[in-house]
Peer 1: 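Here it is, the structure in full.
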Protein chains: 2
Amino acid sequence: MSRSSQTQVAVLGALTVEPMTAYALREAIRDVLGHFWSESFGQIYPTLQALEDEGHVRRQEGARARSSVFVITPSGTARLIELLNEPVQENPPRNGLLLRLFFGRVLGRERCRELLRGAKNAAEAQRAEYEQLLAHLAVAEGDTPDWPYIRMTILAGIHHARAAAAWADECLDTLQGEP
Amino acid sequence: MSRSSQTQVAVLGALTVEPMTAYALREAIRDVLGHFWSESFGQIYPTLQALEDEGHVRRQEGARARSSVFVITPSGTARLIELLNEPVQENPPRNGLLLRLFFGRVLGRERCRELLRGAKNAAEAQRAEYEQLLAHLAVAEGDTPDWPYIRMTILAGIHHARAAAAWADECLDTLQGEP
DNA sequence: ACCTGCATGTAAGTCGTTACATGATTGA
DNA sequence: TCAATCATGTAACGACTTACATGCAGGT
């Protein structure tokens, strides 16, 4: 599954929830999928154009002049299901923090400890944010059919953040002492 | 810190361990940093060329004809330290599994359970692999000054894999029952 | 009148992978 | 001698971001 197909997943998926303009689509992807997905304008507009050409979405006139609200068509839904069933494509790992720590001998022990403390704080802050989001959305979305699935994505964030904090702690322990 | 600077970190860092040909560099990055970093030939060759132009590495004649062994220079070490101290650059999140699960309503519950089982198995396999690697390297590298830092990167993989398996389990629990 | 937010699109440029072309060396 | 591996490099392509250009609508 090529990268651009995954953009189609994000776009078609968002449109199954509600018809939207391209602008709103970008906001929805940023605000709702933002914790695990991202798309820029430069991707969204051409993708919508391509999807329209293939009949997977159509334009509805919007409330404002020259604004198009995009609606997913039955063929678009079929296409989405097809795409969702394709194997998940892993992208090459690129973790800047681990790259730095791996060369910790060159960077120096104290600087590594700083990086780890930063990572720990970031992870704890993020975890708190996810917990809050979970509680908030449980009230707002708790009854919708999407809720169990939305919840899983937030849980992933919580588990990940918890693991990152625990890892940083363990590393700080092993790296303690005089430089 | 731009992406290409991070390529320089990987290249210069690897050369602090040992002088190498470009080919060996790519293998080292793939095999040693592979769990958290990746570079392709198309990146490595031009990067080495640029580093040579700036005097950060120099070519030594290799054992084979037309092969160059690259050696890091003092200015290269200084450059590496400078780069290691730049802030870590986070790249936009793109998690294909979470993207699919988020639209689980469209994909269907049973297919989501399959995805989660797959993720759990992959995580457990990966964790076992990391544990083995840790034990193996503890013997081979346990006395080198790089060891504490290498160990941290493997620990990160273990924590991450453990969290992923626990998450998948928790999700499978909430998603059980009749479709 | 003017600022902010909504809205659409394109173009330039970077980043990065893959495929290709080429050849030396080594071991079976 | 033949295949696999070591080795170097480039070219083409695709993916993606950012900046730019443009303009409407609503509120102060």
Side-chain angles (χ1 to χ4, degrees), chain A residues 1-11 14-15 18-31 33-34 37-53 57-71 83 89-96 99, chain B residues 1-11 14-15 18-31 33-34 37-53 57-70 89-96 99:
Chain A
M1 183 180 222
S2 74
R3 170 70 186 77
S4 63
S5 307
Q6 302 210 81
T7 301
Q8 293 198 356
V9 172
V11 166
L15 291 179
E18 189 179 26
M20 269 179 265
T21 64
Y23 186 89
L25 208 39
R26 191 260 192 150
E27 293 209 311
I29 291 173
R30 196 226 295 135
D31 299 341
L33 311 184
W37 202 259
S38 77
E39 295 295 348
S40 61
F41 275 134
Q43 293 285 105
I44 291 173
Y45 279 101
T47 297
L48 278 169
Q49 190 58 60
L51 287 171
E52 191 186 21
D53 292 347
V57 303
R58 63 184 164 77
R59 277 168 212 257
Q60 230 179 228
E61 206 171 303
R64 290 156 160 270
R66 294 197 312 125
S67 89
S68 325
V69 175
F70 289 89
V71 184
L83 289 173
Q89 181 211 303
E90 298 298 333
N91 35 8
R94 227 157 246 146
N95 185 322
L99 184 65
Chain B
M1 181 179 220
S2 73
R3 171 67 187 78
S4 62
S5 308
Q6 303 211 79
T7 301
Q8 292 197 356
V9 172
V11 166
L15 292 180
E18 188 180 25
M20 269 178 265
T21 64
Y23 186 90
L25 207 40
R26 191 258 195 150
E27 293 209 310
I29 291 173
R30 195 225 295 134
D31 299 342
L33 311 185
W37 202 261
S38 77
E39 295 294 348
S40 61
F41 274 133
Q43 293 286 106
I44 291 173
Y45 280 102
T47 297
L48 278 168
Q49 189 58 59
L51 287 172
E52 190 186 20
D53 292 346
V57 303
R58 63 185 164 77
R59 278 167 212 256
Q60 230 180 227
E61 205 172 305
R64 289 154 163 273
R66 295 199 310 127
S67 88
S68 327
V69 175
F70 289 89
Q89 180 212 305
E90 299 296 334
N91 36 10
R94 228 158 244 146
N95 185 322
L99 184 64

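Because the structure is a prediction, the values reported are computed rather than measured. Chain letters run A, B, ... following the sequence lines, proteins first and then strands; every chain starts at 1.
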Peer 1: Between F70(B) and L25(B), is a side chain to side chain contact (heavy atoms under 4.5 Å, CB included) present by the stated rule, with each step listed?
Peer 2: CA-CA 9 Å; F70(B) 289 89; L25(B) 207 40; 5.6 Å; no
Peer 1: Take the protein atom CH2 of W37(A) and the nucleotide atom P of dT17(D), then report the distance between them rounded to whole Å.
Peer 2: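 Distance, rounded to whole Å: 10 Å.
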Peer 1: Report the nucleotide, chosen from dT17(D), dT10(D), dA7(C), that has the shortest atom-to-atom distance to any side-chain atom of T21(A).
Peer 2: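 Among dT17(D), dT10(D), dA7(C), the one nearest the side chain of T21(A) is dA7(C).
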Peer 1: How close or far is atom C1' of dG13(C) from atom CD of Q43(A), stated in whole angstroms?
Peer 2: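 Taking CD of Q43(A) and C1' of dG13(C), I get 14 Å after rounding.
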Peer 1: Quick one: which of dT17(C), dT8(C), dA7(D) gets closest to the side chain of S38(B)?
Peer 2: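 Selected nucleotide (nearest to the side chain): dT17(C).
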Peer 1: Between dA7(D), dC6(C), dT17(C), which nucleotide gets closest to the side-chain atoms of R94(A)?
Peer 2: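 It is dT17(C).
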Peer 1: Within this structure, what is the CD-to-P distance between Q60(B) and dT8(D), rounded to whole angstrom?
Peer 2: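 Spelled out: CD on Q60(B) to P on dT8(D) is 13 Å.
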Peer 1: N91(A) CG to dC15(C) P: how many Å, rounded?
Peer 2: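 That distance rounds to 18 Å.
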Peer 1: Less than 4.5 Å apart, side chain to side chain, heavy atoms only: is that true for L15(A) and L51(A)?
Peer 2: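 The answer is no, as the side chains (C-beta and beyond) never meet within the 4.5 Å cut-off.
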Peer 1: Among dT17(C), dT8(C), dG9(D), which nucleotide sits nearest the side chain of S67(A)?
Peer 2: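 In terms of side-chain proximity for S67(A), the closest of dT17(C), dT8(C), dG9(D) is dT8(C).
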Peer 1: Measure across A28(A) and M20(A) and return the closest heavy-atom pair with its distance rounded to 0.1 Å.
Peer 2: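 Taking every non-hydrogen atom into account, CB-SD, 3.9 Å.
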Peer 1: Given dT17(D), dC6(C), dT18(C), identify the nucleotide with an atom nearest to the side chain of S40(B).
Peer 2: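 Given the options dT17(D), dC6(C), dT18(C), the side chain of S40(B) is closest to dT18(C).
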Peer 1: Report the distance from atom CE of M20(B) to atom C1' of dT8(D), rounded to the nearest whole Å.
Peer 2: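 Those two atoms, CE and C1', are 17 Å apart.
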Peer 1: Measure from the side-chain heavy atoms of Y23(B) and tell me the nearest of dT10(C), dA7(D), dC6(C).
Peer 2: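 Nearest to the side-chain atoms of Y23(B), counting from C-beta on, is dA7(D).
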Peer 1: Please tell me which of Q49(B) and G42(A) maps to the more 5' nucleotide of DNA chain D, matching each residue to the nucleotide holding its nearest heavy atom.
Peer 2: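 Looking at DNA chain D, the more 5' nearest nucleotide goes with Q49(B).
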Peer 1: Side chain of R26(B), backbone of S40(B): donor and acceptor closer than 3.5 Å?
Peer 2: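 Side chain of R26(B) to backbone of S40(B), a donor-acceptor pair under 3.5 Å: no, none is there.
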Peer 1: Find the distance I44(B):CD1 to dT10(D):P and express it as a whole number of Å.
Peer 2: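 To the nearest whole Å, that distance equals 15 Å.
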Peer 1: Output the single nucleotide from dT17(C), dT8(D), dC6(D) whose closest atom is nearest the side chain of E27(B).
Peer 2: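 Among the listed nucleotides, the one closest to the side chain of E27(B) is dC6(D).
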Peer 1: Nearest whole Å is fine: how far is dT22(D) P from F41(A) CZ?
Peer 2: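 For the pair F41(A) CZ and dT22(D) P, the rounded distance is 18 Å.
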Peer 1: Minimum heavy-atom separation for Q6(A) to G96(B), with atom names?
Peer 2: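 Taking every non-hydrogen atom into account, OE1-CA, 3.8 Å.
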Peer 1: Using a heavy-atom cut-off of 4.0 Å across all strands, would you classify R26(A) as base, sugar-phosphate, or nothing?
Peer 2: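 R26(A): no heavy atom of the nucleic acid under 4.0 Å.
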Peer 1: So what does P92(B) hit on the nucleic acid, given a heavy-atom distance under 4.0 Å: a base, only sugar-phosphate, or nothing?
Peer 2: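 Contact class for P92(B): sugar-phosphate only.
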Peer 1: By nearest atom, which of the nucleotides dG23(C), dG9(D), dC6(C) is closest to the R66(B) side chain?
Peer 2: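 Out of dG23(C), dG9(D), dC6(C), the nucleotide with an atom closest to R66(B)'s side chain is dG23(C).
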